[in-house]
Amino acid sequence: MAVFVAAIEEGSLVSAARRFGLSPSMAGKHVAAMEEQLEVRLLQRTTRMLKPTDVGEAYYLRCKQILDDYDDANAEARELQQTVRGILRVAAPTTFGAMHLGSVVASYLAAHPDVAVETMLSDRYIDLLADRIDVAIRIGRLEDSDLVARRLAPCRMVFCSAPSFLSHHGVPRTVEQLRKAPRLAFSEAVSAGDWMLTDSDGLVHVIDGPVRLAANNMQMLLSAALAGAGVAYGPSFVFAEAVAAGALQLLMSDYKTSELAIHAIYPTKRYTSLKLRRFVEHLSTSFGDMPPWDDLLLRASSVKR
């Protein structure tokens with residue numbers, strides 16, 4: 001099509017061939033193939049001149065518009081790739097997104113006024129391609145896939161309970177005492193290390209005592225823990241603020257708990273939009289190896305000492 005348009009504009013198949021780095025015979029074959037496919041003559045050719053037939057003239061105008069639209073589409077795609085603009089679709093776990101993603105997204109939007117963000121908060125597994133998601137935040141175990149994963153921050157697990165519960169039941173200081181405490185458990189944990197801790201000798205202990213409350217939402221468990229219902233176990237990003245405020249107390253600090261990871265997941269490294277790259281970089285900078293919630297716990301522990 002481009003050769004045909006160029007032949008009419010140049011008035012010569014030789015000149016059209018030169019524009020695309022083809023031989024004159026190859027340019028002629030391109031036009032001949034079009035005429036054979038359409039079953040109509042598009043060009044009148046002599047040794048001295050080339051001009052379109054009536055059908056060829058009308059066809060030229062339509063082809064010219066198509067090629068112009070194609071060039072415009074390519075230019076727009078390149079511009080969008082090099083400009084932080086458009087709609088960014090983000091998925092994240094419900095509790096993490098509700099507690100920590102809002103302020104990060106707000107600062108990203110402030111830095112990039114031509115971007116709009118749509119978020120999907122859900123604890124179910126999100127299929128990025130099926131749900132048209134640009135980037136998802138995932139915590140813990142990652143499924144094997146062709147998706148790109150970038151580590152954003154650690155996810156440290158903690159045991160904690162309200163002072164009101166501890167004053168009535170006592171502070172558990174051994175594994176056996178912890179096993180006897182009523183547990184407030186997340187019912188959809190999928191990562192290894194759930195309710196496990198390691199002592200100073202490297203021995204791993206599994207806490208498998210009675211579950212007093214099971215819930216598929218960590219914010220509900222946080223509320224129950226604050227009300228003194230039992231011992232909660234979960235990510236520090238859920239409990240850090242309450243611990244720093246003195247509303248919850250960390251338990252079993254002489255033991256090591258599991259450490260998971262928070263990742264940004266997106267479909268491919270190739271042709272990644274600038275808005276996505278900037279967002280993932282912003283997430284990494286905002287969280288990092290010492291994310292705000294862990295820094296809060298560290299400063300709270302330093303004050304108590």
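Throughout, residue positions are numbered sequentially from 1 according to the sequence presented. We use all heavy atoms of the structure for the numbers below, so side chains are in, but hydrogens, waters and symmetry mates are not.
Atom CZ of R173 sits in a sparse spot, with 12 or fewer heavy atoms from other residues, nucleotides or ligands closer than 6.0 Å. More than 12 heavy atoms of other residues, nucleotides or ligands sit less than 6.0 Å from atom CZ of R19. The 12-atom threshold is not exceeded at CG of D54, counting heavy atoms of other residues, nucleotides or ligands nearer than 6.0 Å. More than 12 heavy atoms of other residues, nucleotides or ligands sit less than 6.0 Å from atom CD of E35. Around CE of M220, the count of heavy atoms belonging to other residues, nucleotides or ligands within 6.0 Å does not exceed 12. Taking a 6.0 Å sphere around OH of Y70, one finds it holds 12 or fewer heavy atoms contributed by other residues, nucleotides or ligands. Enclosure of atom CZ in R41 is not indicated, since only 12 or fewer non-hydrogen atoms of other residues, nucleotides or ligands lie within 6.0 angstrom.
Transitive grouping of hydrophobic side chains (ILVMFWY, heavy atoms separated by less than 4.5 Å) keeps I87 and V90 in distinct clusters. Both I66 and M34 sit in one connected hydrophobic cluster of ILVMFWY residues. Membership requires side-chain heavy atoms under 4.5 Å apart, directly or through other members. Criterion: ILVMFWY side-chain heavy atoms under 4.5 Å apart, direct or through other members. Under it, L13 and F20 are part of a common hydrophobic cluster. No single ILVMFWY cluster, assembled from side-chain heavy atoms under 4.5 Å apart, contains both V158 and L296. No path of Ile, Leu, Val, Met, Phe, Trp and Tyr side chains, each step under 4.5 Å between heavy atoms, connects F239 with V211, placing them in separate hydrophobic clusters.
Distance check, rounded to the nearest 0.5 Å: CD1 of I137 to NE2 of H263 gives 12.0 Å. In this structure, D123 CG and N217 CG are separated by 7.0 Å, a value rounded to the nearest 0.5 Å. Going from atom CD of E176 over to atom NE2 of H205 covers 9.0 Å, rounded to the nearest 0.5 Å. Within the model, atoms CG of N216 and CZ of R124 stand 14.0 Å from one another, a figure rounded to the nearest 0.5 Å. How far CE of M1 is from CZ of R62: 10.0 Å, rounded to the nearest 0.5 Å. If you take CG on L22 and NE2 on H30, they are separated by 5.0 Å, rounding to the nearest 0.5 Å.
R183 places a side-chain N or O within 3.5 Å of a backbone atom of I207 that can act as its donor or acceptor partner. In this structure, D199 contributes its side chain and Y255 its backbone to no donor-acceptor pair below 3.5 Å. Looking only at distances, a side-chain donor or acceptor of R179 sits under 3.5 Å from a matching main-chain atom of V206. Checked by atom type and distance alone, the side chain of T285 pairs as donor or acceptor with a backbone atom of E281 at under 3.5 Å. Between the side chain of S161 and the backbone N or O of G230, at least one donor-acceptor pair lies under 3.5 Å. The backbone N or O of A215 lies less than 3.5 Å from a partner atom in the side chain of S187, making a donor-acceptor pair.
Between H100 and S103, the shortest heavy-atom distance links the atoms O-OG, 3.9 Å. Between G97 and L121, the shortest heavy-atom contact is CA-CD2, 3.8 Å. Here the closest heavy-atom approach between residue V135 and residue I133 is recorded as O-CG2, 3.2 Å. Nearest heavy-atom pair across R85 and K275 is O-CD, 3.3 Å. Across all non-hydrogen atoms, the minimal contact from G246 to P163 is O-CG, 3.7 Å. Nearest heavy-atom pair, S164 versus G228, reported as atom, atom and distance to 0.1 Å: OG-CA, 3.8 Å.
A salt bridge does not link E10 with R18: every distance from a Lys NZ or Arg NE/NH1/NH2 to an Asp or Glu carboxylate oxygen is 4.0 Å or more.
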task: Apply side-chain contact (heavy atoms from CB on, under 4.5 Å) to M218 and F96, showing your working.
output: CA-CA 9 Å; M218 287 301 305; F96 182 84; over 6 Å; no

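For the pair R138 and Y125, the distance from NZ or CZ to the six-membered ring centre is under 6.0 Å and the angle to the ring normal is within 45 degrees.
For the pair L222/L248, a side-chain contact is recorded, criterion being any heavy-atom separation below 4.5 Å from C-beta on. Looking only at side-chain heavy atoms (C-beta outward), R150 and L283 stay at 4.5 Å or farther from each other. Between D294 and D289, every side-chain heavy-atom pair lies at or beyond the 4.5 Å cut-off.
Aromatic ring pairs are classed by plane angle as parallel below 30°, tilted from 30° to 60° and perpendicular above 60°; the pair H282 and Y108 is tilted. Ring-plane geometry between Y233 and F159 is classed as tilted, the angle between the planes lying from 30 to 60 degrees on a 0 to 90 degree scale. The aromatic rings of W293 and F287 sit tilted, their planes meeting at an angle between 30° and 60°.
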